[in-house]
There are 2 protein chains.
Amino acid sequence: MLTSLSNFADDRFSTLKAAPLGMHRTAQSFSDRRESGAVHGQVLHFAADGEIYGDGDDNASFYKVLSGVVRTCKFRSDGRRQIDAFHLPGEIFGFDAGASHRLSAEAVCDCAVVAYRWRALEAPGEIDDRLAGQFFAYAMQNLQRAQEHSLLLGRRSAVQKVAAFLVELADRAACDHIIDLAMARQDIADYLGLTIETVSRTLSNLEREAVISLPTARRVCVNNAQALRRISS
Amino acid sequence: MLTSLSNFADDRFSTLKAAPLGMHRTAQSFSDRRESGAVHGQVLHFAADGEIYGDGDDNASFYKVLSGVVRTCKFRSDGRRQIDAFHLPGEIFGFDAGASHRLSAEAVCDCAVVAYRWRALEAPGEIDDRLAGQFFAYAMQNLQRAQEHSLLLGRRSAVQKVAAFLVELADRAACDHIIDLAMARQDIADYLGLTIETVSRTLSNLEREAVISLPTARRVCVNNAQALRRISS
DNA sequence: CGTGTAGTTGAGATGCGTCAATAGTTGTGG
DNA sequence: CCACAACTATTGACGCATCTCAACTACACG
């Protein structure tokens with residue numbers, strides 16, 4: 001259901017105007033022609049590990065990934081980091097309700113994102129009506145991801161988590177049997193609630209069992225997708 | 001931000017009509033006067049552990065809890081159960097995109113819920129526009145919960161999980177230092193990704209440290225809220 | 001070629017799960 | 001009101017999966 005509402009998910013961003021962001025990063029005006037309609041936003045570039053916004057920052061914009069990978073995460077009092085999600089090109093992030101962001105967003109690798117200012121949306125009341133459906137679709141997508149992530153973290157073994165992670169990446173990426181990891185082992189560990197050592201060991205074990213192979217540390221070849229899915233159960 | 005959109009969250013349900021549900025459960029027509037406007041839905045009663053809908057069921061309705069507590073959960077192939085969320089009175093659940101529900105919903109204890117049929121919303125195009133904002137607010141609330149649950153499950157010790165769970169309940173419930181648990185130990189365990197034994201032991205330890213007391217198995221008195229929050233860190 | 005960072009591997013410690021026994025609670029029927 | 005059964009919760013002993021600490025390797029970059 002909700003398909004009728006999803007009709008609103010066609011692009012309404014022709015009504016969006018880029019607002020100056022006053023940022024210290026390289027920025028340029030932008031009009032994304034790949035969308036159905038002109039999308040006006042502010043393109044920003046970030047180097048690897050650059051902070052896009054911080055936990056508690058003013059919720060002025062939401063973002064879309066153009067290239068690279070973004071992580072949204074939370075830093076705990078003991079210094080540990082938990083990664084909420086990885087965002088691939090085309091995906092929306094920083095889409096929070098409330099006055100401030102509840103997570104931090106950082107560039108996993110060099111990446112480009114578009115920022116859409118909320119303020120530009122608030123002026124004429126009617127626009128909100130039409131945008132609400134679009135926003136609803138974004139919220140539901142993020143909701144589904146968050147729920148699946150919860151299920152991933154609850155009472156599963158290290159192998160199950162790592163296998164599920166690889167399956168998730170394979171499904172989202174273009175090619176389903178060669179996975180180029182944008183993220184470091186520490187990122188994977190913080191996403192799965194494991195340590196880097198366990199992630200590394202688990203990947204080595206999967207390679208030993210010929211389920212995957214690791215030509216380089218950042219490239220995973222899925223040799224037996226069926227087995228991988230079975231393991232992630 | 002998004003406050004402008006939240007203006008749509010005032011009740012539009014006067015436009016909603018109750019549709020016959022053809023259910024084997026006790027049902028009666030309903031009009032919730034506590035809402036701003038007449039809300040027409042189908043009231044359903046469920047006994048403890050009764051199934052409200054199952055994973056994969058046709059996504060015909062979403063629901064609001066009137067009384068009692070509802071759990072949304074997933075059953076894994078190994079028979080284990082993971083609880084995605086508990087829903088208290090006033091909260092919305094079963095709010096899925098897609099043609100079918102991706103989780104099961106069950107009554108934790110005897111409870112009453114209202115079912116709102118999607119079909120009743122689809123007829124006149126204009127209504128969708130106005131409801132979209134309301135739905136967006138529901139989606140964002142569920143999203144926030146799901147994200148917090150993910151953070152709860154990732155690399156935290158048993159004590160941290162249990163303490164965080166108690167804090168969450170205390171915050172959501174009316175009284176913040178007496179918590180009446182509607183759910184069994186198994187439910188708590190499945191929500192936190194622990195075993196009943198570990199949950200039980202952890203509660204006992206917290207009582208031993210005088211942070212809480214357990215007059216009965218289902219009642220928790222928070223003696224030291226500050227300590228509890230610190231532990232959940 | 002040297003240095004620094006990222007990743008792998010090993011050995012030992014430990015927190016939580018598993019299995020098992022006990023205690024408490026609820027409901028039913030005499 | 002008590003006796004009994006059935007279920008729920010607590011507690012204990014032990015094993016194992018994962019964490020921790022540490023050494024080593026591989027690779028990138030000046």
Side-chain angles (χ1 to χ4, degrees), chain A residues 47-49 71 76 78-82 108-110 152-166 179-209 212-220 231 233, chain B residues 47-49 71 76 78-82 108-110 152-166 179-209 212-220 231 233:
Chain A
D49 294 322
R71 60 178 177 245
R76 316 242 350 267
D78 58 1
R80 279 176 175 169
R81 184 185 64 173
Q82 287 184 249
V108 169
C109 53
D110 291 358
L152 182 63
L153 292 175
R155 200 128 59 112
R156 286 170 107 126
S157 69
V159 214
Q160 287 179 314
K161 287 180 179 178
V162 171
F165 174 70
L166 292 177
I179 307 170
D180 282 303
L181 301 169
M183 62 290 286
R185 293 290 184 272
Q186 186 66 61
D187 291 318
I188 302 175
D190 290 343
Y191 180 68
L192 298 176
L194 298 171
T195 57
I196 31 171
E197 295 94 330
T198 301
V199 171
S200 183
R201 264 187 267 270
T202 306
L203 285 171
S204 299
N205 288 340
L206 286 173
E207 187 177 29
R208 198 164 303 124
E209 295 159 16
I212 61 170
S213 46
L214 296 159
T216 75
R218 293 296 186 99
R219 167 163 289 188
V220 181
I231 291 169
S233 70
Chain B
D49 294 323
R71 62 178 176 245
R76 314 236 356 265
D78 58 2
R80 280 175 174 168
R81 183 185 65 174
Q82 286 184 249
V108 169
C109 53
D110 291 358
L152 181 63
L153 292 175
R155 197 128 60 113
R156 287 171 107 125
S157 69
V159 216
Q160 287 179 313
K161 287 180 178 177
V162 172
F165 174 70
L166 293 176
I179 307 170
D180 281 303
L181 301 171
M183 62 291 286
R185 294 287 184 273
Q186 186 66 62
D187 292 318
I188 302 175
D190 291 343
Y191 180 68
L192 298 176
L194 299 171
T195 59
I196 31 170
E197 294 95 330
T198 301
V199 170
S200 184
R201 264 187 267 269
T202 306
L203 286 171
S204 299
N205 287 341
L206 286 173
E207 187 177 32
R208 199 165 301 125
E209 294 160 16
I212 61 171
S213 45
L214 296 159
T216 74
R218 293 294 186 100
R219 168 164 289 188
V220 181
I231 291 169
S233 67

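Side chains included, hydrogens not; waters and symmetry mates left out as well; all remaining heavy atoms used. Order of the sequence lines sets the chain letters (A, B, ...), proteins ahead of strands, with each chain counted from 1. What you see is a predicted model, and the numbers here were worked out from it, not measured in a lab.
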Checklist entry - Which part of the nucleic acid does Arg156(A) contact within heavy-atom distance under 4.0 Å: base, sugar-phosphate only, or nothing? => result nothing
Checklist entry - Just checking Ser157(A): base, sugar-phosphate only, or nothing, at a heavy-atom cut-off of under 4.0 Å? => result sugar-phosphate
Measure the distance from [atom1] on [X] to [atom2] on [N] and round it to the nearest whole Å.
| X | N | atom1 | atom2 | result |
| --- | --- | --- | --- | --- |
| Met183(A) | dG7(C) | CE | P | 12 Å |
| Asp187(B) | dC7(D) | CG | P | 16 Å |
| Asp78(A) | dC19(D) | CG | C1' | 14 Å |
| Gln186(B) | dT10(D) | CD | P | 13 Å |
| Arg219(B) | dT25(C) | CZ | C1' | 16 Å |
| Glu207(A) | dT9(C) | CD | C1' | 14 Å |

Checklist outcome for this item: Protein-proximity profile, nucleotides 24-30 of chain D, B/S/- by nucleotide at the 4.0 Å heavy-atom cutoff, equals -------
Checklist entry - Can you tell if the side chain of Arg155(A) reaches within under 4.5 Å of the side chain of Gln82(B), non-hydrogen atoms only? => result no
Item to check | Considering all heavy atoms, the nearest Met183(B)-Val108(B) contact | outcome: CA-CG1, 3.6 Å
Checklist entry - Can you name the closest pair of heavy atoms from Ser233(B) and Gln160(B) and give their distance? => result OG-NE2, 3.2 Å
Is the backbone of [Y] close enough, under 3.5 Å, to the side chain of [X] for a donor and an acceptor to pair up by distance?
| X | Y | value |
| --- | --- | --- |
| Arg218(B) | Asp180(B) | no |
| Arg185(B) | Ala217(B) | yes |
| Asp110(A) | Ala48(A) | yes |

Checklist entry - Going by atom types alone, do Glu209(B) and Asn205(B) pair a side-chain donor with an acceptor below 3.5 Å? => result no
Checklist entry - With a cut-off of 6.0 Å (strictly less than), are more than 12 heavy atoms of other residues, nucleotides or ligands near CZ of Arg219(A)? => result no
Checklist entry - Start at the 5' end of DNA chain D and walk down; is the nucleotide closest to Asp49(B) or to Arg208(B) reached first? => result Asp49(B)
Item to check | Distance test, side-chain N/O of Ser204(A) to OP1/OP2 of dT9(C), below 4.0 Å | outcome: yes
Item to check | Distance test, side-chain N/O of Arg218(A) to OP1/OP2 of dA6(C), below 4.0 Å | outcome: no
Item to check | Shortest side-chain distance from Arg80(B), nucleotide among dT8(C), dT18(D), dG17(C) | outcome: dG17(C)
Checklist entry - Want to settle it: does Arg155(A) or Arg185(A) sit nearer the 5' end of DNA chain C, counting the closest nucleotide to each? => result Arg185(A)
Next on the checklist: Check Asp187(A) with Arg81(A), please: is the shortest side-chain N to carboxylate O separation under 4.0 Å?
Outcome noted: yes
Checklist outcome for this item: Numerically ordered, the residues 190-203 of chain B set in heavy-atom contact under 4.0 Å with DNA chain C is Gly193(B), Leu194(B), Thr195(B), Glu197(B), Thr198(B), Arg201(B)
